[in-house]
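In each ligand, atom 1 is the first atom listed, and ligand 1 is the first ligand listed. Numbers here are sequence positions counted from 1.
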Amino acid sequence: MRNSVLNQIENVVNRYGERIAIRTASDQINYRSLWQQSDNLAAWLGLRLKENNKPVMVYGHKSPQMIVCFLACVKSGRAYCPVDISMPRTRIEEIASSVGNQIILAAEPLELEGYEVIGPDMLENIMAEEHDLSYVTPVSGDDVYYMIFTSGSTGKPKGVEITERNLRGFLNWSKELAQKTGMEHIAFLNQAPFSFDLSVMDLYTSMTTGGTLVCLDKKLQSDMGEMFLFMKENSINCWVSTPSFAEMCMSDKNFNHQLLENMKLFLFCGEKLTKETACKLYERFPESKIINTYGPTESTVAVTSVEIDRKILQEKELLPIGKPKAGTDLFIKDGEILIAGDTLAKGYYNNPQKTAESFIEIEDITGQKIRAYKTGDKGYFDGEYFYCTGRKDFQIKLHGYRIELGDIEQNLMGFPEIEQAVVLPKTDGEKIKCLVAFVKKEGEEVNAKSIKSALKEKLPAYMVPKNIKFIDNMPMTANGKIDRKKLEAEFT
Ligand code: AMP
């Protein structure tokens, strides 16, 4: 198909073959090799998997090999499902079983019983060897292109299915945003792991515009000095992260325009951008632009944007999330933001019930029936911009990570020693600082430490509550529900 995502990348390959496509602290790959290696692996997948068109789990972290695997899967006609090394074993097993494919591509070492894991060494060999590509047909149109798992309130993650058409709809717009850097060669910052859909903004906008993706791996992110040096050496000019990450960088006074002289544009998504963060950032980077974008994984990364200029900062108490991109409509229904348009996911993988609950049919202003996604976000429209004011449910964002509190509660209650559990966010002003779990235990053997370490086996580290408080009885409301407000009062 002309202008498919793969075609767009191929055009870049033809034009800028020798340009570095992906750079990490220890490795890099140019567009020509990225294309060739993914062709080789795609052909191998086609021969090896034959009629099996199920999505393929791709495990790893920030490496060129990981991206080669993504492209290979879609070139071979299969969706990929990225899983980062930060996932604990139980989650990896759950996702692998939910994806349901025997073959797993692993750019980092992984042992998983019951699956055929193609590890880094074997991948390297396959990628180096030419195979016949004529047997594969790439993913296109309404085929699923990637699948990202997000926290689910029942304690099991849900796979969001994004099609090739969805991704194209998103890229038509994200490329326009990136053009605001005014640069011909954009060096994009990649902060988010590839299993978080924010990374799609930097990865694919970069690969379809001939940019260089500058990836911060886990090790670099744990050493601010080294990380800043790496950003500087690679002259990043387009920043893509959650506001939390920029706030963390700003805790170091060296993070400013003298360090990153070429910084043109900050693109934020994933959580609330506060006025305070935007103001502080302008003090550090007076010449850069700041854009706030908003959207859920279920609608392909982001669907609204607004440039947070000085006028908005002066006039608005709450920063807007902006206006919808072309191809998207936003509706406010009973105070909730609903999204319709070309980037709406196909649904949740193998989960028709959850899909039907969240993707509904509504009438647009002309009375025509259209499909819309219920975001669960509370919001309003002031005649010019949309605003997001919080959640209707128990989903939260902690340091940019999407978490269903019910996911943690269900996993806690899965331990036989725990009878009841409620998890609450502890805030400091507008920001959620950490999570606190209130636990009613059954035995005497458990303590906070043992619970935390058991939970770490099941959930990513960012979902493990910092504090565990034991209580004898959960406070109840008049209508028999757990009184979360009363529990909250315990730590305020
Ligand atoms: P995720 O699927 O991880 O991208 O999380 C989506 C959720 O993050 C949204 O439904 C919102 O609750 C929140 N979110 C994303 N972007 C913004 C933003 N710019 N301002 C406020 N909340 C946001």
For this session: Step by step, work out the side chain to side chain donor-acceptor pair (under 3.5 Å) result for Ser4 and Ser140.
Result: CA-CA 7 Å; Ser4 69; Ser140 73; over 6 Å; no
Contact region, Thr293 to ligand 1, non-hydrogen atoms below 4.0 Å, reads backbone
Thr297 N/O to ligand 1 N/O under 3.5 Å:
yes
Ligand 1 atoms nearer than 4.0 angstrom to some heavy atom of Lys397 are 1 (P), 3 (O), 4 (O), 5 (O), 6 (C), 7 (C), 8 (O)
Asp197 heavy atoms within 4.0 Å reach ligand 1 at atoms 4 (O)
For Thr343 and Ser299, what are the C-alpha separation, side-chain angles and deciding distance, and is it a side chain to side chain donor-acceptor pair (under 3.5 Å)?
CA-CA 5 Å; Thr343 54; Ser299 188; 3.0 Å; yes
Exercise. Please confirm whether Pro296 comes within less than 3.5 Å of ligand 1 when only nitrogen or oxygen atoms on both sides are compared.
Key: no
protein heavy-atom neighbour closest to atom 15 (C) of ligand 1 works out as Gly270 C, 3.3 Å
*asked:* Would you say the ring centers of Phe255 and Phe285 fall short of 6.0 Å from each other?
replied: yes
Residues at least two apart in sequence or cross-chain that pass side chain to side chain donor-acceptor pair (under 3.5 Å) with Tyr59, listed by chain then number, are none
Practice task
Could you say whether the N/O atoms of Arg402 and ligand 1 ever approach to under 3.5 Å?
Solution key: yes
query: Within the side chain of Asn262, is there an N or O that forms a donor-acceptor pair under 3.5 Å with the backbone of Ile236?
result: no
Checklist line | Non-hydrogen atom of Phe268 closer than 4.0 Å to ligand 1 | finding: no
Separation between CD1 (Ile67) and CG (Asn190), nearest 0.5 Å, reads 7.5 Å
shortest atom 18 (C) of ligand 1-to-protein heavy-atom contact is with Glu271 O, 3.2 Å
Under 4.0 Å from one or more heavy atoms of Phe196, ligand 1 contributes atoms 3 (O)
Quick note on ligand 1: atoms under 4.0 Å from a heavy atom of Arg391 include exactly 10 (O), 12 (O)
Per-atom filter on ligand 1: closer than 4.0 angstrom to a heavy atom of Gly295 are 4 (O), 6 (C), 15 (C), 16 (N)
Geometric N/O contact Asn292 with ligand 1, under 3.5 angstrom: yes
Polar-atom distance check: Asp377 versus ligand 1, any N or O pair below 3.5 Å? yes
Looking only at heavy atoms, the pair that brings Asp84 and Ser86 closest together is OD2-OG, 2.8 Å
For Thr181, the side chain to side chain donor-acceptor pair (under 3.5 Å) test, sequence neighbours excluded, returns none
**Request:** Under the side chain to side chain donor-acceptor pair (under 3.5 Å) rule, what do Tyr204 and Tyr146 come out as? Steps first, then yes or no, please.
**Result:** CA-CA 12 Å; Tyr204 279 93; Tyr146 68 75; over 6 Å; no
